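Worksheet: the structure to be examined is printed underneath.
Since this is a predicted model, take the numbers as computed values, not measurements. FYI, side chains are in, hydrogens and waters are out, and symmetry mates aren't considered; it's all heavy atoms of this structure. Here is the naming used below: chain letters follow the sequence lines, and residue numbers restart at 1 for every chain.
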2 protein chains.
Amino acid sequence: MSSKSAKKIDTRLVILRNAKHLFAQHGYSGVSVRDIAGTCGIQAASLYHHFPDKQALYLATMEYAFSDKADEIAEVTTIAGSPKERLSDFIGRFTTLMADDPEFRILLQRELLDGDEERLKLAAHEVFERPFKAITDLVEEIAPECDPHMLAISLAGLILFHFETAPIRRYLPGGKKSHNDPKVIAEHVLTLLSRTLESPQ
Amino acid sequence: MSSKSAKKIDTRLVILRNAKHLFAQHGYSGVSVRDIAGTCGIQAASLYHHFPDKQALYLATMEYAFSDKADEIAEVTTIAGSPKERLSDFIGRFTTLMADDPEFRILLQRELLDGDEERLKLAAHEVFERPFKAITDLVEEIAPECDPHMLAISLAGLILFHFETAPIRRYLPGGKKSHNDPKVIAEHVLTLLSRTLESPQ
DNA sequence: GTCTATAGCCTGATAGAC
DNA sequence: GTCTATCAGGCTATAGAC
């Protein structure tokens, strides 16, 4: 009930939340300003009070969707223990993270497809650089014969591709519902990599 | 110089080729019928002589971009040799295939994001089922303790994610131009999996 | 801070001449 | 088989009342 917080709904935040939904579902050019305003229960013109134009709204939405992700992902690698334990831990936590915020993953995929250089550079430095560095440091200990940059990408791809292909996997031979379970995915990735991890010599 | 083929430019094919470019670059809703007609040097109205509407043009474009891919990918797994040789061969060929037709990969990614159930079901059965089956059969011989469906997805993801992340990798620590070289990617994936392959017991 | 009204342009699609 | 002309509606964005 304090004067500045709570109680009053922050329209800006409502817009960002709905915009995140819609941009994830349909992409930038698949969503109109009217669509976003509509799901917020306001007129399109009112939206321009909060954001100067559609592009700025999109950028603010990305910032909203991507903020704190750097911390979340990086945190996932800072656990103590042996390299193998830390990797196992990372796989489990990263998988859960991606399963818990599917819109973040989808928006990231869309940015990889449509983002201009400036946006990607910003995302790389502000969001992914720190956690990526943590992962390369980790895998360097485990598999020194591999290029750490490539191995970090491989590790992420190994996990993310299962989510990415979920819509089509159900129509492919052997596809089961359980293959979408983050725990099953994590276990599979760990099993696949286990031999690689066991003999670092 | 025969009467029915060559010589005369097939407008329909020109449209499909240009549509493939544009849909890959900007997605379905990021491209207008006028845009496509423009790159073909014709008016938008003329395009409707060849396709009933935009949706049909898009579907025809997917068919054009995806046709023969089933053969190409499946072919890549039919080489003779030991399981390990065949896997190594598959990795090299699949990587080259994806590097040679980046628009196919991009359109596939867009379909995974935006495709409705019907389209994905069709793509799964007409394009990916056969080669996917070939891959699961292969990996089943190599790593019987893994779920073949999941392992096939992992294998594809391991390769594709390097292409998918190319736009942002250059801004991430340790990123080099050589990481985009299909030969380097294939070698990396093989090295990563080599320990897993060596002791199938 | 939200509304109505509207400008100006782009959209998918059609009609009909050639 | 391509063109011009056009429609009806959607788009982003602005103006100005409340």
Under the side chain to side chain contact (heavy atoms under 4.5 Å, CB included) criterion, do B:Leu158 and A:Phe161 qualify, and how do the steps go? CA-CA 8 Å; B:Leu158 216 42; A:Phe161 203 65; over 6 Å; no
In short, salt bridge (charged side-chain N to carboxylate O under 4.0 Å, His left out) pairs touching residues 58-71 of chain B with sequence neighbours left out are B:Lys69-B:Glu72, B:Lys69-B:Asp101, B:Asp71-B:Arg130
For [X], side chain to side chain contact (heavy atoms under 4.5 Å, CB included) partners two or more places apart:
X: A:Glu117; result: B:Arg170, B:Tyr171
X: B:Leu122; result: B:Glu126
X: A:His26; result: A:Leu22, A:Val31
X: A:Leu16; result: A:Arg12, A:Phe51, A:Leu57, A:Ala60, A:Thr61, A:Tyr64

Is the side chain of [X] donor-acceptor paired with the backbone N or O of [Y] at a distance under 3.5 Å, no angle test?
X: A:Ser88; Y: A:Lys84; answer: no
X: B:Lys54; Y: B:Tyr28; answer: yes
X: B:Ser82; Y: B:Glu85; answer: yes

Would you please confirm or rule out a distance under 4.0 Å between OP1 or OP2 of D:dT2 and any side-chain N or O of B:His49? no
Can you check whether B:His50 has a side-chain N or O nearer than 4.0 Å to OP1 or OP2 of D:dT2? yes
For DNA chain C, the residues among residues 51-65 of chain A that have a non-hydrogen atom under 4.0 Å from it: none
Quick one, which residues of residues 28-47 of chain B touch DNA chain C with a heavy atom under 4.0 Å? B:Val31, B:Ser32, B:Val33, B:Arg34, B:Ala45
Residue pairs involving residues 102-113 of chain B (criterion side chain to side chain donor-acceptor pair (under 3.5 Å); sequence neighbours excluded): A:Asp114-B:Arg110, B:His21-B:Glu103, B:Tyr58-B:Glu111, B:Arg105-B:Gln109, B:Glu111-B:Arg119
Does anything in residues 42-53 of chain B pair up under side chain to side chain donor-acceptor pair (under 3.5 Å), and if so which pairs, sequence neighbours excluded? none
B:Tyr48 OH - D:dT6 P separation (whole Å): 19 Å
Which of residues 11-27 of chain B have a heavy atom under 4.0 Å from DNA chain D? B:Thr11
Under the ring-ring contact (aromatic ring centres under 6.0 Å, His included) rule, what pairs show up with a residue in residues 110-136 of chain B, not counting sequence neighbours? B:Phe132-B:His149
Angle, rounded to 10°, between the helical axes spanning five pairs at each terminus of the helix from C:dG1-D:dC18 to C:dC18-D:dG1? 0°
Centroid-centroid distance, B:His162 to B:His188, less than 6.0 Å: yes
